[in-house]
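To start, the structure itself, in structure tokens.
FYI, side chains are in, hydrogens and waters are out, and symmetry mates aren't considered; it's all heavy atoms of this structure. To find a chain, count down the sequence lines: A is the first, B the second, and so on, and within it residues start at 1. Computed from a predicted model, the values in this text were never measured in an experiment.
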Amino acid sequence: MNKKQNQTEIRKDKLTKLRESGVNPYPHSFENRIDALEALKIKDGVKVRVCGRIMSRRIMGKSSFAHIKDVSGQIQVFMAVDKLGRENYDLFRDTDIGDFIGVEGELFVTRAGEKTVMAEAFTILSKSLRPLPEKWHGLKDVETRYRKRYLDILVNPESSKILKARSIITAAIREFLESRRFCEVQTPVLQDIAGGAAARPFKTLHNVYNTDLYMRIAPELYLKRLLVGGWERVFEMGTNFRNEGLSSMHNPEFTMLEVYAAYTDYNFMMDLAEEMVKSVAGKIVDEGFSVPENIMGEWVRKDYWELLKVHTGEDFTPEITYDEVKKKAEYLKIPPGKDSIEKMLDRIFSHYVEEKLSDPTFVTGYPSSASPLAKQSPENPGIAERFEIFINGSELGNAYSEQNDPEIQKEVFLKQASGSTSPVDNDYIEALEYGMPPASGLGIGVDRLTMVLTGAETIREVLLFPMLKPNNADTGE
RNA sequence: GGGCCCGUAGCUCAGCCGGUAGAGCACCGCCCUUUUAAGGCGGGUGUCGAGUGUUCGAACCACUCCGGGCUCACCA
């Protein structure tokens with residue numbers, strides 16, 4: 001074995017040697033195994049079959065210890081030449097950290113007090129060709145953790161824990177909504193008009209139809225078509241795509257939950273959202289996670305204009321004029337540019353108010369002009385029947401009494417279209433003309449909900465494979 | 001897109017007022033039958049992110065590029 005070999009080359013040589021000696025380094029299965037956690041609960045002297053990935057090895061001449069890891073945890077195995085025989089023991093000595101093995105033998109407790117499997121037989125289940133990150137410091141390099149998430153979840157328990165919490169959260173959301181008779185659906189991701197939100201879409205091409213298509217920016221307009229069709233309670237949890245910048249709060253593809261309920265208004269959705277998040281948080285706690293305590297407390301309701309007033313010290317009312325807002329924006333050091341009145345208000349709100357909303361808060365009283373798909377308040381047409389949910393200073397959800405008046409909706413769409421390149425979804429207007437029952441709808445950012453419940457500081461920590469720039473120059477070869 | 005910071009061995013990191021690189025773990029060889037960050041003896045295995053320039057000489061200085069982080073801007 002020459003000195004210049006790197007670790008992968010050495011492992012590949014071992015693989016070749018295994019094959020030459022008739023050992024299959026990649027067998028098809030390992031039956032009748034129990035997991036490590038289960039094995040640790042069984043009493044001494046009982047024979048068990050366990051399997052997993054070798055995480056550490058301590059070779060001591062004619063006997064050796066190793067820890068193997070499976071989904072449940074780790075268990076120690078003991079390999080001794082007089083139990084295994086010379087040939088098998090040598091085979092074990094040639095294994096590497098990272099290899100998957102299966103072990104059969106009786107349980108015993110070592111001198112140091114650790115329950116251990118005394119191997120009578122062992123099998124290589126999958127040969128590993130690359131060295132794993134270090135056991136003690138783990139894998140810290142952020143870029144590698146995201147690009148090679150499999151290594152991150154293998155060696156960093158905290159990462160694995162947060163991402164597993166996400167699975168519990170999505171399961172809990174489904175359970176909650178199904179228990180209230182909501183029906184889960186899938187609507188198109190590829191759309192010819194990307195509607196339901198204001199964001200730049202990803203564009204793609206369908207070959208056979210030879211037509212441009214867009215990745216959805218929201219499922220909203222399709223879900224409301226289902227209400228037209230008579231389905232009263234629907235929800236969809238799936239990926240939306242927005243062709244915009246990345247930040248600790250934004251990933252170009254993200255998971256959105258949208259819920260619609262016929263014959264209800266946004267007050268219903270306020271209660272539903274609070275109950276749902278608390279229920280999901282409860283599930284997480286049941287699984288051994290801790291969640292911020294303010295989640296379980298009373299969720300407060302606050303008025304948009306009142307919040308602006310309190311946090312800027314300036315007087316804001318729904319009747320405020322464009323010129324007045326512009327003046328205040330300049331005074332508050334928010335450059336107004338060419339923004340519309342609602343855009344300026346939104347920027348002031350984002351800058352001065354959002355970060356202050358740390359306890360769960362329903363913000364109501366949004367201007368109608370900023371809420372094109374929401375119904376107006378009967379008392380004040382300038383105000384939409386809409387709320388947003390803020391927790392820990394970030395926007396978690398958005399809901400409203402859905403606009404179902406086809407003529408008003410069309411007018412709003414036409415007005416929007418005149419100021420941008422976004423086309424009017426006439427097919428949706430037509431659907432509304434057939435009649436959509438009064439309804440409320442709710443959108444919750446599942447990634448952000450996971451962040452809130454797990455305490456993750458960036459959205460990348462709750463995404464298995466967050467978007468990074470393709471790195472073709474260095475693929476690790 | 002702007003500003004600041006970062007990229008050195010498989011992993012975690014030192015080295016950076018210029019003299020072709022070092023530690024721990026991992027790995028390789030030898031010893032070792034209850035270890036557990038096993039231990040003992042011996043061994044650095046490297047395109048110092050890439051390229052160009054300055055220089056007798058560059059991991060180190062300059063410029064460009066690639067990738068990442070934070071932040072501002074943008075963002076329903």
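The backbone N or O of A/Glu253 sits less than 3.5 Å from a side-chain atom of A/Asn251, completing a donor-acceptor pair.
Between A/Tyr304 and A/Phe349, the ring planes are parallel. Angles under 30° get that label, and only those over 60° would be called perpendicular. Between A/Phe202 and A/Phe241, the ring planes are perpendicular. Angles over 60° get that label, and only those under 30° would be called parallel. Between A/Phe362 and A/Trp299, the two ring planes are tilted [angle within 30° to 60°].
For the pair A/Glu314 and A/Lys309, the salt-bridge criterion is not met [side-chain N within less than 4.0 Å of a carboxylate O]. We find that A/Arg53 and A/Asp70 are not joined by a salt bridge, their nearest charged nitrogen and carboxylate oxygen being 4.0 Å or further apart.
Residues meeting the salt bridge (Lys or Arg N to Asp or Glu O under 4.0 Å) test with A/Glu258, sequence neighbours left out: none. For A/Tyr400, there are no ring pair (Phe, Tyr, Trp, His ring centres under 6.0 Å) partners at least two apart in sequence or on another chain. A/Lys47 meets the side chain to side chain donor-acceptor pair (under 3.5 Å) test with A/Glu120; sequence neighbours excluded.
Spacing of P atoms, B/G40 relative to B/C16, comes out at 30 Å, to the nearest Å. Spacing of P atoms, B/C61 relative to B/G15, comes out at 13 Å, to the nearest Å. Of the P atoms belonging to B/G29 and B/C63, the separation is 47 Å, rounded to the nearest Å. Comparing the same atom, P, in B/C25 and in B/A37 gives a spacing of 13 Å after rounding to whole Å. B/G10 and B/A73: their P atoms are spaced 41 Å apart (whole Å). With C1' as the reference atom, B/G22 and B/A14 are 7 Å apart, rounded to whole Å. With both ends at atom C1', the span from B/G39 to B/G24 equals 16 Å, rounded to whole Å. Between the C1' atoms of B/A9 and B/C74, the separation comes to 41 Å (whole Å).
Geometrically, A/Arg460 does not engage A/Tyr146 in a cation-pi contact, judged by NZ or CZ lying under 6.0 Å from the ring centre and within 45° of the ring axis. Figure legend: cation-pi geometry between A/Arg86 and A/Tyr89 absent, as NZ or CZ is not positioned both under 6.0 Å from the six-membered ring centre and within 45° of its axis. The cationic atom of A/Lys115 (NZ for Lys, CZ for Arg) does not lie both less than 6.0 Å from the six-membered ring centre of A/Phe108 and within 45° of the ring axis.
If you measure from atom CG of A/Asp141 to atom C1' of B/G68, you get 8 Å, rounded to the nearest angstrom. One interatomic measurement links the two molecules: CG of A/Asp152 to P of B/C11, which rounds to 14 Å at whole-angstrom precision. Here the P atom of nucleotide B/U71 and the CD atom of A/Glu355 are 12 Å apart, to the nearest Å. Taking atom CG of residue A/Leu151 and atom P of nucleotide B/A26, one finds them 18 Å apart after rounding to whole Å. The distance from atom CG of A/Asn240 to atom C1' of B/A76 is 13 Å, rounded to the nearest whole Å. A/Glu143 has its CD atom 6 Å from the P atom of B/G68, to the nearest Å. For the pair A/Glu461 CD and B/G69 P, the interatomic distance rounds to 11 Å; values are reported in whole Å. Between the C1' atom of B/A76 and the NZ atom of A/Lys343 lies a distance of 7 Å, rounded to the nearest Å.
Between B/C66 and A/Lys469, no contact under 4.0 Å exists linking OP1 or OP2 to a side-chain N or O. Phosphate proximity of B/C74 to A/Arg347: present, with a side-chain N or O under 4.0 Å from OP1 or OP2. Phosphate proximity of B/G68 to A/Lys140: absent, as no side-chain N or O sits under 4.0 Å from OP1 or OP2. The side chain of A/Lys135 places no N or O atom within less than 4.0 Å of a non-bridging phosphate oxygen (OP1 or OP2) of B/U36. Side-chain nitrogen and oxygen atoms of A/Arg460 include at least one within less than 4.0 Å of the OP1 or OP2 phosphate oxygen of B/C70. The phosphate of B/G68 (OP1 or OP2) has a side-chain N or O of A/Arg147 nearer than 4.0 angstrom.
Donor-acceptor pairing under 3.5 Å is recorded for the side chains of A/Glu324 and A/Thr321.
Nearest nucleotide to the A/Thr110 side chain, out of B/A76, B/C11, B/U35: B/U35. Distance from the side chain of A/Lys14 is smallest to B/C28 among B/A26, B/C28, B/A37.
Here A/Ala370 lies out of heavy-atom contact (under 4.0 Å) with every strand. Using a 4.0 Å heavy-atom distance criterion, A/Gln76 is classed as a base contact. Residue contacts for A/Arg93: at a heavy-atom cut-off of 4.0 Å it reaches a base atom on one of the strands shown. Among the heavy atoms of the strands, none lies under 4.0 Å from A/Val155.
Counting only heavy atoms from C-beta outward, the side chains of A/Thr95 and A/Arg57 approach each other to under 4.5 Å. Side-chain contact between A/Asp96 and A/Gln7 is absent, with no heavy atoms from C-beta onward closer than 4.5 Å. The shortest distance between side-chain heavy atoms of A/Val46 and A/Glu106 does not fall below 4.5 Å.
In this structure, B/A14 forms no base pair with any nucleotide, since neither Watson-Crick nor G-U wobble geometry is met with both distances under 3.5 Å. B/G1 is paired with B/C72 under the criterion used here, namely a Watson-Crick or G-U wobble arrangement in which both key atom distances are under 3.5 Å. Applying the Watson-Crick and G-U wobble criteria (two distances, each under 3.5 Å), B/U33 pairs with nothing in any strand. Of the nucleotides present, B/U52 is the one that pairs with B/A62 by Watson-Crick or G-U wobble criteria, both distances under 3.5 Å. In this structure, B/U47 forms no base pair with any nucleotide, since neither Watson-Crick nor G-U wobble geometry is met with both distances under 3.5 Å. In this entry B/G67 has B/C6 as its Watson-Crick or G-U wobble partner, both defining distances falling under 3.5 Å.
Taking the nucleotide of RNA chain B with the nearest heavy atom to each of A/Thr116 and A/Pro131, the more 5' of the two is matched to A/Pro131. Where A/Met118 and A/Ser350 meet RNA chain B, the nucleotide closest to each residue was compared, and A/Met118 sits on the side nearer the 5' end.
A donor N or O paired with an acceptor N or O is not found under 3.5 Å between the base of B/U34 and the side-chain atoms of A/Glu114. Within 3.5 Å, no donor on the side chain of A/Glu134 pairs with an acceptor on the base of B/A26, nor the reverse.
For the segment residues 242-255 of chain A, residues with any heavy atom less than 4.0 angstrom from an atom of RNA chain B are, sorted by number, A/Glu244, A/His250. Taken residue by residue, residues 49-72 of chain A places heavy atoms nearer than 4.0 Å to RNA chain B at A/Arg58, A/Ile59, A/Met60, A/Gly61, A/Lys62, A/Ser63, A/Phe65, A/His67.
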Distances under 3.5 Å only, N/O to N/O: pair up the protein atoms with those of nucleotides 2-9 of chain B.
none

